[in-house]
Amino acid sequence: MTSPNWWPRCCAVREPTVAESLSSVVVGLRSTQLDTTARAGLTRALLDWFGVALGGSGERPAESLALGLVTGGPARLVGRRESADPALAALVNGTAAHTLELDDIYAPGLFHPGAPIIAAALAAADQLNCSGARLERAVVAGVEAGCRVATDLGPTHYRHWHTTGTAGAVGAAVAVADLLELDRLHTAHAIALAATMASGLQQTFRRGAAGKPLHAGHAAQSGVVAAVAAARGITGALDALEGAAGLGPATGVWSSWSTSRSPDTESLLIAQLTVKPYPCCGHTFAPIDAMLALRAAGLRADDVETIEVATYGTALDVAGDPAPDTVAGARFSIGYTVAVALLDGRVTRGGFAEERIADSRRKALTDCVRLSVGTAFDEAFPARRGASVRVVTRDGATLTREAPDRSGSPENPLSDDAVSAKFTDLAGPVLGASRAAELEKTIRGLAGIASVRDLAVTRDG
């Protein structure tokens, strides 16, 4: 795409901005062939997104947005019968994908990339009637951009901001820019515009509120708007990420932006995502893993005197609620999830039913949990997410298990069968078993389909 005559020209000699550098990387990916590892990661990411989006499509956040805002359009709402314009479809589908706390994670960036990025890409691809291969290319580019920005923003940003809402907007904009075939300059402006629309406050999920999924939805919507605006000649501040009043400094981050600027694309980040096995905050996973190991070794709830969990500090900040009284709050409580793991021998959506919040036995066990920062786990964060659980029993025995890397992470990945089972569990109740199986087959062969509309993602009727 060529620039209009009035488009501002950059100075002849200066260092490229972060948006310009990142744009060069992602536009350059258009000629890259995916290796086996990256393709496997892409398939997992797509399966996971469609599963969690379908599973969350009938929950209150997505349902409320669909009923309150949608009036029709060319883009489909996953798991529903309605359609919408692309920006609204991205909002609803991105919200749905983040609702069950089951969507993917990029650990170094403290970031859920799939929910906003794939939602935006699918909405634009629906409108453009793109091929499956084009959707795949856009998702790879969007994930690469979003994860790089998330990594550079890092833990300092995450103290107050939800990176899925901020870096997610950038990744979503890049995915849509890819589908629109924007050149480097237009893509850079899409990145800059997304940065100025980015948002998402940590406080939303530190008090049991139900609004956290809207961060992902808003990021997806902002990405669509940013890319379309850039395509039509709307300019952003090309230093919107690193400038003195840009996204980084405005959120307390003075970054070198080395990850976003790096030209290296040897190991694409689509292959480095965590697929979540439990429907709760990822900061609870390592404690859950350790407790499940203790239970498998014979520990039972009636044996417990105290439970001591040591993990990294951010986990305590985000998921340290000792007495959650809402479903959303329970998903962000290490004490709650550890208690459910010991009582049930698993952590599933049933563990977060309303009746479990009020269950006296679960409450008593949660009251036994004590949290602390483990130095080794804190030093390994954010690239690795570990924890140890030490149980003192009523007869005075001490039992300990350590989980240095949480389940689902690249260091401790789910099996292909487990990823497929997760998809079936989420998609089957919405689409029916046969249609869910057909959708999985189509996703696995996405590169070969002529139109994304061959993805049967809506309800019949």
Side-chain angles (χ1 to χ4, degrees), residues 52 55 59 99-102 205 208 210 275-312 315-316 318-372 374 377 385-409 412 414 418 421-422 425-426 429:
V52 298
E59 300 292 316
T99 294
L100 297 179
E101 287 296 333
L102 272 167
F205 51 97
V275 176
K276 294 177 75 170
Y278 312 123
C280 47
C281 174
H283 297 308
T284 70
F285 285 12
I288 290 171
D289 290 339
M291 180 55 81
L292 289 174
L294 286 170
R295 191 182 193 278
L299 179 67
R300 292 297 178 265
D302 292 340
D303 302 334
V304 170
E305 183 69 30
T306 60
I307 300 171
E308 300 169 7
V309 178
T311 187
Y312 50 93
L316 274 57
V318 177
D321 188 345
D325 57 5
T326 66
V327 171
R331 286 178 168 144
F332 283 81
S333 170
I334 293 171
Y336 182 99
T337 55
V338 163
V340 169
L342 181 53
L343 287 167
D344 297 356
R346 58 182 183 168
V347 178
T348 64
R349 282 178 286 169
F352 299 93
E354 293 284 355
E355 57 267 24
R356 297 307 298 279
I357 308 297
D359 180 67
S360 59
R361 191 171 181 225
R362 193 279 309 160
K363 283 185 174 181
L365 194 56
T366 299
D367 288 343
C368 296
V369 178
R370 304 290 179 267
L371 306 179
S372 65
F377 301 125
R385 311 293 179 86
S388 65
V389 173
R390 179 177 181 268
V391 176
V392 178
T393 64
R394 296 184 187 277
D395 61 6
T398 299
L399 307 170
T400 304
R401 287 292 186 279
E402 181 175 316
D405 295 294
R406 62 187 177 186
S407 292
S409 66
N412 186 19
L414 299 187
K422 177 184 174 181
D425 179 60
L426 291 164

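No hydrogens, no waters, no symmetry mates; every other heavy atom, side chains included, goes into these values.
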What are the two closest non-hydrogen atoms of [X] and [Y], and how far apart are they?
{"X": "Leu292", "Y": "Ala341", "answer": "CD2-O, 3.6 Å"}
{"X": "Cys368", "Y": "Val304", "answer": "CB-CG1, 4.3 Å"}
{"X": "Tyr312", "Y": "Gly386", "answer": "CD2-O, 3.7 Å"}
{"X": "Ala301", "Y": "Leu343", "answer": "CB-CD2, 3.7 Å"}
{"X": "Cys280", "Y": "Ile288", "answer": "SG-CD1, 3.9 Å"}
{"X": "Ala286", "Y": "Arg385", "answer": "CB-O, 3.6 Å"}

Open item on the list: To the nearest 0.5 Å, what is the distance between CD1 on Ile334 and CG on Leu316?
Closed with: 5.5 Å
Counting only N and O atoms by type, is there a donor-acceptor contact under 3.5 Å from the side chain of [X] to the main-chain atoms of [Y]?
{"X": "Thr337", "Y": "Ser333", "answer": "yes"}
{"X": "Lys422", "Y": "Val52", "answer": "no"}
{"X": "Thr311", "Y": "Ala315", "answer": "no"}

The criterion is salt bridge (Lys or Arg N to Asp or Glu O under 4.0 Å); which residues satisfy it with [X], sequence neighbours excluded?
{"X": "Asp321", "result": "none"}
{"X": "Glu59", "result": "none"}
{"X": "Asp302", "result": "Arg361"}

Quick one, [X] and [Y] - any side-chain contact, counting heavy atoms below 4.5 Å?
{"X": "Ser409", "Y": "Phe285", "result": "no"}
{"X": "Val327", "Y": "Glu354", "result": "yes"}
{"X": "Thr326", "Y": "Ile357", "result": "no"}
{"X": "Ile307", "Y": "Leu365", "result": "yes"}

Open item on the list: One pair to check against side-chain contact (heavy atoms from CB on, under 4.5 Å): Val391 and Leu342. What are the steps and the verdict?
Closed with: CA-CA 11 Å; Val391 176; Leu342 181 53; over 6 Å; no
Selection [range] - residue pairs positive for salt bridge (Lys or Arg N to Asp or Glu O under 4.0 Å), sequence neighbours left out:
{"range": "residues 340-349", "answer": "Asp344-Arg356, Arg349-Asp425"}
{"range": "residues 322-343", "answer": "none"}
{"range": "residues 276-300", "answer": "Glu101-Lys276"}

side-chain hydrogen bond (donor to acceptor under 3.5 Å, both in side chains) partners of [X], counting only residues at least two apart:
{"X": "Thr400", "result": "none"}
{"X": "Thr366", "result": "Arg362"}
{"X": "Asn412", "result": "none"}

Task: Derivation of the side-chain contact (heavy atoms from CB on, under 4.5 Å) call for Val389 and Leu294 - done: CA-CA 9 Å; Val389 173; Leu294 286 170; 3.8 Å; yes
Open item on the list: Taking ring-ring contact (aromatic ring centres under 6.0 Å, His included) as the cut-off, I'd like each qualifying pair that reaches into residues 348-369, sequence neighbours left out, listed once.
Closed with: Tyr336-Phe352
Task: Passing option when Arg390 is tested against Thr306, Thr398, Val309 for side-chain contact (heavy atoms from CB on, under 4.5 Å) - done: Thr398
Task: With sequence neighbours excluded, residues passing side chain to side chain contact (heavy atoms under 4.5 Å, CB included) with Ala364 - done: none
TODO: Not counting sequence neighbours, which residues clear side chain to side chain contact (heavy atoms under 4.5 Å, CB included) with Cys281? List them please.
DONE: His283, Thr284, Val318, Ala319, Phe332
Task: Residues Asp395, Glu305; criterion side-chain contact (heavy atoms from CB on, under 4.5 Å); working and verdict - done: CA-CA 9 Å; Asp395 61 6; Glu305 183 69 30; over 6 Å; no
